Peer 1: 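One structure coming up, written as structure tokens, with questions to follow.
What you see is a predicted model, and the numbers here were worked out from it, not measured in a lab. Convention: sequence-line order gives letters A, B, ...; per-chain numbering from 1.
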Protein chains: 2
Amino acid sequence: MDAPTGVREHCPVAATLDLVGSRSSLLLMREAALGTRRFADFAVRTGLSEPMTARRLAELVDAGLLARADYREPGQRVRQEYRLTSSGVDFLPVITALRQWGDAHADVPGGRPLRVDHAGCGAEVVAEVRCTAGHAVPPAEAVVTRLR
Amino acid sequence: MDAPTGVREHCPVAATLDLVGSRSSLLLMREAALGTRRFADFAVRTGLSEPMTARRLAELVDAGLLARADYREPGQRVRQEYRLTSSGVDFLPVITALRQWGDAHADVPGGRPLRVDHAGCGAEVVAEVRCTAGHAVPPAEAVVTRLR
DNA sequence: CGGTATCCTATAAGATACTG
DNA sequence: CAGTATCTTATAGGATACCG
């Protein structure tokens, strides 16, 4: 995760994977996307060990996707929390797309454990490939240019 | 990638990561998304070693994202190719979302090496979080339900 | 509660050499 | 061209114990 081992890949996908590409990081980002904020909840809900949870959360903070802060519920003592930064919010399409593919194509024992719906509207939330002009872009209409 | 090591995670995100969650698999899916079809091109363009390229391509075929076939260019001998299946095409939002986050937030030495544009329209291709009713869904409007 | 320290195993991934 | 075989190293990640 820190430095790529092989040939240096000058690609935004590879760069993203170098920062947040491990299973543990992505599971933690999933949890953050679902609203989890506290250390113990991250560990239990991802099934990660505490040392791994601590290490990856620290990396995600370093990488700017999460921010750590103190907070105090009324009448309680001070606790820690991890919240999505704006960069972390920008990561939600990745998590949404992974969830969507899993729902459609992976065999999740016991059926679908998660739903994400649009507030008010009630329709399911998905990741769509579009152009910035707003058109849906099917694969055949995507033109790839390799620069350099 | 084969069997999850820790607590069994009943989640579509985790299930997806168990099938295609390694850096090498995701780089190969990136290449497939960019139109790469031949073994040697996959290896060179991802920077992966040949043994790793062979192993992961075989896994992606097993997982149903790629299909292997013979093909023959006019006047050439028979060659192999790997093509996206419909399940593989459904994976494109993941790759698009990873690329998009990298373009916005990762430091790719030498600038942006890749563009994906909408044919004809010319506008850039991105992954958007929407509901199936067609509304854009900002994070604040996503309602998460954990079932079971 | 929110971690850290230490040690261990499994796997990801590369290097090199070789084959049909 | 499209791989396979073998070996090695680096990293992911868990288990257990402990700390402020």
Peer 1: Could you state the CG-C1' distance from Leu27(B) to dA13(C), rounded to the nearest angstrom?
Peer 2: 12 Å
Peer 1: For Asp70(A) and dG20(D), what is the distance between atoms CG and P respectively, to the nearest whole Å?
Peer 2: 19 Å
Peer 1: With respect to the side chain of Arg56(B), which nucleotide from dG13(D), dA12(C), dG3(D) is positioned closest?
Peer 2: dA12(C)
Peer 1: In whole angstrom, what separates Arg45(A)'s CZ from dG2(C)'s P?
Peer 2: 12 Å
Peer 1: Mind checking Glu50(A) for me? I need base, sugar-phosphate or nothing, with any heavy atom below 4.0 Å counting as a touch.
Peer 2: base
Peer 1: Measure from the side-chain heavy atoms of Arg79(B) and tell me the nearest of dA12(D), dG3(D), dA2(D).
Peer 2: dA2(D)
Peer 1: Report yes if the side chains of Leu34(B) and Arg30(B) come closer than 4.5 Å at any heavy-atom pair, otherwise no.
Peer 2: yes
Peer 1: So what does Tyr82(A) touch, heavy atoms closer than 4.0 Å: a base, only the sugar-phosphate, or nothing?
Peer 2: sugar-phosphate
Peer 1: How do Pro51(A) and Glu81(A) order along DNA chain C: which one's closest nucleotide is nearer the 5' end?
Peer 2: Glu81(A)
Peer 1: Rounded to whole Å, how long is the line connecting atom CG of Leu17(B) with atom P of dA12(C)?
Peer 2: 13 Å
Peer 1: Closest to the Ser49(B) side chain: dG14(C), dG3(C), dA12(C)?
Peer 2: dG14(C)
Peer 1: Which nucleotide in the list dG3(D), dC1(C), dG3(C) gets nearest to the side chain of Arg68(B)?
Peer 2: dG3(D)
Peer 1: Within this structure, what is the CG-to-C1' distance between Asp18(B) and dA10(C), rounded to whole angstrom?
Peer 2: 14 Å
Peer 1: Hey, does Leu114(A) have a side-chain heavy atom less than 4.5 Å from the side chain of Arg99(A)?
Peer 2: yes
Peer 1: Between Glu81(A) and Arg79(A), is there a side-chain N and carboxylate O pair less than 4.0 Å apart?
Peer 2: no
Peer 1: Can you tell me how far C1' of dT4(D) sits from CD of Gln80(B), to the nearest Å?
Peer 2: 15 Å
Peer 1: Is there a side-chain contact between Ser22(A) and the phosphate of dT11(D), meaning an N or O under 4.0 Å from OP1 or OP2?
Peer 2: no
Peer 1: Mind checking Ser24(A) for me? I need base, sugar-phosphate or nothing, with any heavy atom below 4.0 Å counting as a touch.
Peer 2: sugar-phosphate
Peer 1: Calculate the interatomic distance between Leu26(A) atom CG and dG13(D) atom C1'; express it in whole Å.
Peer 2: 15 Å
Peer 1: Under 4.0 Å from OP1 or OP2 of dA13(C): is there any side-chain N or O of Arg55(B) that close?
Peer 2: no
Peer 1: Could you check if a side-chain atom of Met29(B) sits within less than 4.5 angstrom of a side-chain atom of Leu65(B), using non-hydrogen atoms only?
Peer 2: yes
Peer 1: Round to the nearest Å and state the distance from Arg23(B) atom CZ to dG13(D) atom C1'.
Peer 2: 19 Å
Peer 1: Hey, are Glu50(A) and Arg56(A) close enough for a salt bridge, meaning a charged N less than 4.0 Å from a carboxylate O?
Peer 2: no
